[in-house]
There are 2 protein chains.
Amino acid sequence: MEELVQYILKFGDLSKQQLELIVSKGEELKIRKDSYFSEAGKIPKQVGFIVEGVIRGGYYNNKGEEITRCFIMENSLVCDYVNFEASTSSSEYLQAATDCSLIVFSKKNWEELSHIISGWDNIKNKMVQLCMYQKSRKGPVISQDATTRYLEFLENYPSVINRVPLSYIASYLGVTQQSLSRIRRNIR
Amino acid sequence: MEELVQYILKFGDLSKQQLELIVSKGEELKIRKDSYFSEAGKIPKQVGFIVEGVIRGGYYNNKGEEITRCFIMENSLVCDYVNFEASTSSSEYLQAATDCSLIVFSKKNWEELSHIISGWDNIKNKMVQLCMYQKSRKGPVISQDATTRYLEFLENYPSVINRVPLSYIASYLGVTQQSLSRIRRNIR
DNA sequence: TTCACTTTTTACCATTTGGTAAACAGCGGT
DNA sequence: ACCGCTGTTTACCAAATGGTAAAAAGTGAA
């Protein structure tokens with residue numbers, strides 16, 4: 001759980017005792033590649049912290065096609081927070097793009113922390129805001145051509161390229177898998 | 001200020017007295033089309049609530065081209081909140097796409113509300129989360145062709161099309177102004 | 001190893017989009 | 001009205017991308 005502790009401490013100071021209390025409310029969860037952390041059409045039940053692996057955030061457009069909206073990496077919070085908080089069903093899913101190792105908090109445990117740790121809400125909100133901020137930025141720039149988008153993806157996510165199926169990356173970049181394959185050939 | 005009061009009440013209950021206190025901390029601000037609410041490279045100094053008008057969120061890519069990332073409409077909070085809170089300079093700007101009428105809160109006033117109104121932090125965080133959520137979703141889908149993106153834009157933002165310059169919409173959709181013009185002709 | 005299955009690469013052609021340049025339309029100021 | 005400025009539309013051709021289909025490469029199980 002050490003990674004989680006270090007992550008939390010980036011947002012504010014807590015005593016060793018308080019940190020132990022937080023960790024005690026989390027559970028380790030391993031999920032296999034392609035399984036879902038939360039599903040489209042369902043209420044998100046957990047907040048997660050990624051210890052190892054990559055999570056893919058996406059949704060189905062009105063033609064039923066899968067759209068990949070973001071990749072979430074190690075040492076990040078992962079949650080569809082607005083729907084988690086409001087207990088509303090989400091239009092998005094969060095899916096393991098690789099085998100993942102997480103620390104998860106049930107809604108009950110997550111809310112309890114607000115009551116038993118003073119200062120937690122402040123830290124929590126900063127963490128959630130960063131989580132949402134990271135989801136919202138750094139996406140591929142729609143006005144750039146596919147080659148540029150791919151090269152920028154390599155810069156922003158160098159560790160992802162060899163870990164997740166190419167089809168997910170193509171979906172993220174907004175091109176067909178064939179086009180991405182051609183782009184990769186032309187770059188060499 | 002009635003719009004702001006109604007907006008706040010969607011996130012939690014407050015007394016008439018408390019609402020008046022909140023309103024008293026806000027200032028009316030009118031900004032002309034094309035002027036900036038916050039600028040790229042600078043620290044965001046205010047949280048705003050849009051009473052009338054449309055704000056355009058965007059940034060410069062590494063080639064110096066303007067990228068439009070979102071449009072923010074009436075009755076929404078507008079802020080680069082993560083950088084506002086941390087007093088860090090933003091890579092994005094928020095620009096009036098039409099003449100705008102806002103209610104704005106300085107950082108000082110915004111923070112004072114947390115001390116003088118119990119329950120405000122809870123409401124505030126929900127408002128900020130929604131603000132960030134709206135910024136992050138509903139963007140044009142990169143894998144769809146430009147015509148589809150334009151048609152979906154019309155559905156999602158029917159009131160914007162005749163209010164802002166076409167070049168902003170083209171930038172948002174990721175096409176040149178000429179291509180957008182051709183698309184509009186072909187649809188009729 | 002071989003087989004079955006999935007992922008990735010290639011190839012071909014039709015379609016879409018970008019780049020450049022010019023014409024056209026709208027609008028405010030004089 | 002006329003001018004100058006800005007925003008929008010057109011046109012033409014080159015380049016990028018999608019759709020379809022098939023081949024090649026990788027992977028795991030028997």
Side-chain angles (χ1 to χ4, degrees), chain A residues 32-35 53-54 56 58 60-68 71 95-99 139-154 157 160-188, chain B residues 32-36 53-54 56 58 60-68 71 95-99 139-154 157 159-188:
Chain A
R32 286 227 160 272
K33 179 173 171 177
D34 293 339
S35 63
V54 179
R56 178 175 89 93
Y60 301 96
N61 70 7
N62 46 29
K63 289 175 198 151
E65 298 159 335
E66 290 209 356
I67 311 291
T68 299
F71 291 105
Q95 181 189 28
T98 66
D99 289 353
V141 177
I142 200 168
S143 62
Q144 290 172 329
D145 67 25
T147 302
T148 307
R149 297 201 299 265
Y150 177 69
L151 291 173
E152 296 206 343
F153 177 79
L154 286 184
Y157 298 93
V160 173
I161 192 71
N162 291 314
R163 297 166 73 191
V164 311
L166 209 59
S167 56
Y168 288 162
I169 295 169
S171 160
Y172 177 74
L173 295 175
V175 296
T176 59
Q177 186 169 315
Q178 293 89 320
S179 293
L180 179 54
S181 188
R182 173 175 46 203
I183 286 163
R184 280 151 64 93
R185 167 163 47 97
N186 292 340
I187 284 173
R188 289 186 234 117
Chain B
R32 286 228 161 272
K33 179 175 171 175
D34 293 338
S35 63
Y36 289 90
V54 179
R56 180 174 88 95
Y60 300 97
N61 71 8
N62 46 28
K63 292 175 196 151
E65 298 159 335
E66 291 209 356
I67 310 291
T68 299
F71 292 105
Q95 182 189 29
T98 67
D99 289 352
V141 178
I142 201 169
S143 62
Q144 291 172 328
D145 66 25
T147 302
T148 307
R149 297 201 298 265
Y150 177 69
L151 291 173
E152 296 206 342
F153 177 80
L154 286 184
Y157 298 94
S159 65
V160 173
I161 192 72
N162 292 313
R163 297 165 74 188
V164 312
L166 210 58
S167 56
Y168 288 163
I169 295 168
S171 160
Y172 177 74
L173 296 175
V175 296
T176 60
Q177 185 167 316
Q178 292 88 323
S179 293
L180 179 54
S181 189
R182 174 177 43 202
I183 286 162
R184 281 152 63 94
R185 167 163 46 96
N186 291 340
I187 284 172
R188 289 186 235 117

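By convention in this document, chain letters (A, B, ...) are assigned in the order of the sequence lines, proteins followed by strands, and residues within each chain are numbered from 1.
- From one end of the helix from dT1(C)-dA30(D) to dT30(C)-dA1(D) to the other, with five pairs defining each end axis, the axis direction shifts by 40° (rounded to 10°).
- For Tyr150(A) and dT17(D), the OH to C1' distance is 17 Å, given to the nearest whole Å.
- Residues passing the salt bridge (Lys or Arg N to Asp or Glu O under 4.0 Å) test with Arg184(B): none are found, sequence neighbours excluded.
- Asp34(B) has its CG atom 12 Å from the P atom of dT6(D), to the nearest Å.
- Residues Ala97(A) and Pro165(A) approach most closely at O-CD, 4.0 Å, considering heavy atoms.
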Expected rows: protein N/O vs nucleotides 13-18 of chain C N/O, under 3.5 Å:
unit_1, atom_1, unit_2, atom_2, d
dT17(C), OP1, Ala146(B), N, 2.5
dG18(C), OP2, Ser179(B), OG, 2.6
dG18(C), N7, Arg182(B), NH2, 3.4
dG18(C), O6, Arg182(B), NH1, 3.3

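- Judged purely by atom type and a 3.5 angstrom limit, Gln95(A) uses its side chain to pair as donor or acceptor with the backbone of Asp34(A).
- Salt-bridge annotation for Arg32(A) and Asp99(A): present, with a side-chain N of the basic residue lying under 4.0 Å from a carboxylate O of the acidic one.
- Side chain of Ser143(B) to backbone of Val175(A): no donor-acceptor contact under 3.5 angstrom is found.
- Of the candidate nucleotides dT9(C), dT10(C), dT8(D), dT8(D) has the atom nearest to the side chain of Pro165(B).
- By the 30° and 60° cut-offs, the orientation of the rings of Tyr157(B) relative to Phe71(B) is perpendicular.
- A distance-only check finds no donor-acceptor pair linking the side chain of Arg56(A) to the backbone of Tyr168(A) [under 3.5 Å].
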### Task
Starting from the C-alpha separation in whole Å, work towards a yes-or-no answer on side chain to side chain contact (heavy atoms under 4.5 Å, CB included) for Ile67(B) and Tyr172(B).
CA-CA 7 Å; Ile67(B) 310 291; Tyr172(B) 177 74; over 6 Å; no

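- For Asp145(A), there are no salt bridge (Lys or Arg N to Asp or Glu O under 4.0 Å) partners two or more places apart in sequence or in a different chain.
- At distances below 3.5 Å, at least one donor-acceptor pair connects side-chain atoms of Arg149(A) with backbone N or O atoms of Leu173(A).
- Summarising the geometry, the separation between CD1 on Ile169(A) and C1' on dT8(C) is reported as 12 Å, rounded to the nearest angstrom.
- dT6(D) atom C1' lies 13 Å from atom CG of Leu166(B), rounded to whole Å.
- Between Tyr168(A) atom OH and dT8(C) atom C1' there is a gap of 15 Å when expressed in whole angstrom units.
- The nearest whole Å value for the distance from the CG atom in Asn186(A) to the P atom in dT9(C) is 12 Å.
- The side-chain hydrogen bond (donor to acceptor under 3.5 Å, both in side chains) test applied to Thr98(B) returns no partner, not counting sequence neighbours.
- Comparing dT8(D), dT10(C), dT9(C) by their closest approach to the side chain of Arg185(A) singles out dT10(C).
- Rounded to whole Å, the distance from CD on Gln177(B) to C1' on dG19(C) is 14 Å.
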### Query
In B/S/- notation, 5' to 3', how is nucleotides 20-29 of chain D contacted by protein heavy atoms closer than 4.0 Å?
BB--------

